[in-house]
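Input: a single structure, listed below in structure tokens.
For reference, positions follow the sequence shown, starting with 1.
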Amino acid sequence: ESNLMLFKSTNAGANYFLEGGTLNTSLNQITLNNINSFQRYTAGSGVGTLNLTASIEGLYNVATSKLVIRDSILVQLRSTSSPFNVIDSARGVLDSVTLTANLRFTVAPTDTYYVVIKSRNTIETWSKTSGVIYNSGGTASYNFTTAATQAYGNNMVHLGTKWSIYTGDVTQDGSVDLADLAIIDNDAANFTSGYVVSDLNGDYFVDINDAALADNNAYQFISKITP
């Protein structure tokens, strides 16, 4: 009951979208102001959860099967029909030990979506062709690490026992190329340190090790693969 909100449908109940509202559990009421047209409304849980498992190439330690640091990610739920619009998005933190993040969505209705994962310097990676069934108000799970086919176009690299998302897209333009290498080389020359986008391996220092990761992926023309 504590998660109930109002949802509105403009297509006779085929899809519902979150409108919100103020909940009063003592009076068993949900109040929504500024309604200016007649539509179909329903009450439902306003929060759906996606338990995501993923590994990042530059951060993954093969010996320990863990990430060297926790890292922030952005996850989108995208329509499976062209032009593949973003229906909802959520930010979370990828745990270094479990390789998991718990994402909470408040807008997307129950449907099948592409799950798209982004990070500060990784290649944007989409889930496999069939899409992921997501339940508004419920819990869904998706694991990128079990097989190359978990990513659209098999666009991941195999490290140890895990499939990992490619790293090196510092500019976030969808590919690893000279523009990314230039930023890394410049930061290495300036002895840049800290939590910066040019630090690919998570040691908080930009050096030749980061450049090597990006250079290898640039040589292989690594870029995002989308429907």
Side-chain angles (χ1 to χ4, degrees), residues 50-76 89-103 115-127 142-226:
L50 175 66
N51 294 321
L52 187 74
T53 304
S55 172
I56 296 174
E57 177 189 19
L59 303 182
Y60 185 69
N61 186 314
V62 175
T64 63
S65 298
K66 300 175 183 177
L67 303 180
V68 295
I69 61 170
R70 301 167 75 234
D71 209 358
S72 176
I73 58 173
L74 171 68
V75 177
Q76 298 172 333
S89 64
R91 292 189 179 275
V93 175
L94 198 60
D95 187 76
S96 59
V97 177
T98 63
L99 311 184
T100 60
N102 184 272
L103 291 310
V115 173
V116 180
I117 180 172
K118 301 180 179 185
S119 184
R120 58 193 172 119
N121 52 29
T122 57
I123 286 291
E124 177 183 310
T125 305
W126 292 51
S127 58
Y142 195 77
N143 192 336
F144 277 100
T145 70
T146 56
T149 52
Q150 289 296 94
Y152 193 91
N154 299 346
N155 198 27
M156 290 190 293
V157 60
H158 196 223
L159 300 174
T161 61
K162 305 294 183 184
W163 286 90
S164 299
I165 294 168
Y166 285 110
T167 195
D169 185 10
V170 177
T171 61
Q172 290 293 282
D173 64 355
S175 64
V176 185
D177 52 27
L178 288 175
D180 304 298
L181 287 166
I183 293 173
I184 295 171
D185 288 344
N186 184 66
D187 284 353
N190 290 319
F191 302 101
T192 301
S193 61
Y195 185 76
V196 292
V197 295
S198 49
D199 173 28
L200 305 188
N201 65 359
D203 64 358
Y204 299 109
F205 193 77
V206 184
D207 56 19
I208 193 172
N209 295 313
D210 305 298
L213 281 166
D215 185 61
N216 182 65
N217 286 342
Y219 179 77
Q220 298 182 67
F221 300 101
I222 297 301
S223 61
K224 68 179 181 181
I225 300 178
T226 64

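The side-chain heavy atoms of Val116 and Glu124, taken from C-beta on, include a pair separated by under 4.5 Å. Side-chain atoms of Thr100 and Asn51, non-hydrogen and from C-beta on, never get closer than 4.5 Å to each other. Ile183 places a side-chain heavy atom less than 4.5 Å from the side chain of Thr171. Using a 4.5 Å heavy-atom cutoff, the side chains of Val176 and Ile123 are in contact. The shortest distance between side-chain heavy atoms of Asn61 and Lys66 does not fall below 4.5 Å. Side chains of Lys162 and Leu159 form no contact here, defined as non-hydrogen atoms less than 4.5 Å apart. Looking at heavy atoms from C-beta onward, Ser198 lies out of side-chain contact with Asp210 at the 4.5 angstrom threshold.
Between the side chains of Ser55 and Ser164, at least one donor N or O sits under 3.5 Å from an acceptor N or O. A donor-acceptor contact closer than 3.5 angstrom is absent between the side chains of Tyr166 and Asn216. At a cut-off of 3.5 Å, with distance as the only test, no side-chain donor of Thr146 or Asn143 sits close to an acceptor on the other residue.
Atom CG of Asp187 is separated from atom OG1 of Thr192 by 4.0 Å, given to the nearest 0.5 angstrom. Atoms CG and CD1, from Asn154 and Ile225 in turn, are 8.0 Å apart once rounded to the nearest 0.5 Å. Rounded to the nearest 0.5 angstrom, Ile208 CD1 and Asp185 CG are separated by 9.0 Å. Interatomic distance, Leu99 CG to Leu52 CG, rounded to the nearest 0.5 Å: 10.5 Å. Atom OH of Tyr142 sits about 3.5 Å away from atom CD of Gln150, to the nearest 0.5 Å. The distance from atom CG of Asp180 to atom OG of Ser175, rounded to the nearest 0.5 Å, is 6.5 Å.
Asn155 contributes no side-chain N or O that, together with a main-chain N or O of Ala151, makes up a donor-acceptor pair within less than 3.5 Å. Between the side chain of Asn121 and the main chain of Thr167, no donor-acceptor pair closer than 3.5 Å is present.
Between Val197 and Arg120, the shortest heavy-atom distance links the atoms CG1-O, 3.9 Å. Nearest heavy-atom pair, Asp169 versus Thr122, reported as atom, atom and distance to 0.1 Å: CB-O, 3.7 Å. Shortest non-hydrogen contact noted between Ile184 and Ala214 is CD1-CB, 3.6 Å. Taking every heavy atom of both residues into account, Ile73 and Ile117 meet most closely at CD1-CD1, 4.0 Å. Ala54 approaches Ile165 most closely through the heavy-atom pair CB-CD1, 4.2 Å. Tyr204 and Asp199 get closest at one heavy-atom pair: N-OD2, 2.8 Å.
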Take Val170 and Leu200 through the test side-chain contact (heavy atoms from CB on, under 4.5 Å) and record every step on the way to the result. CA-CA 9 Å; Val170 177; Leu200 305 188; 4.2 Å; yes
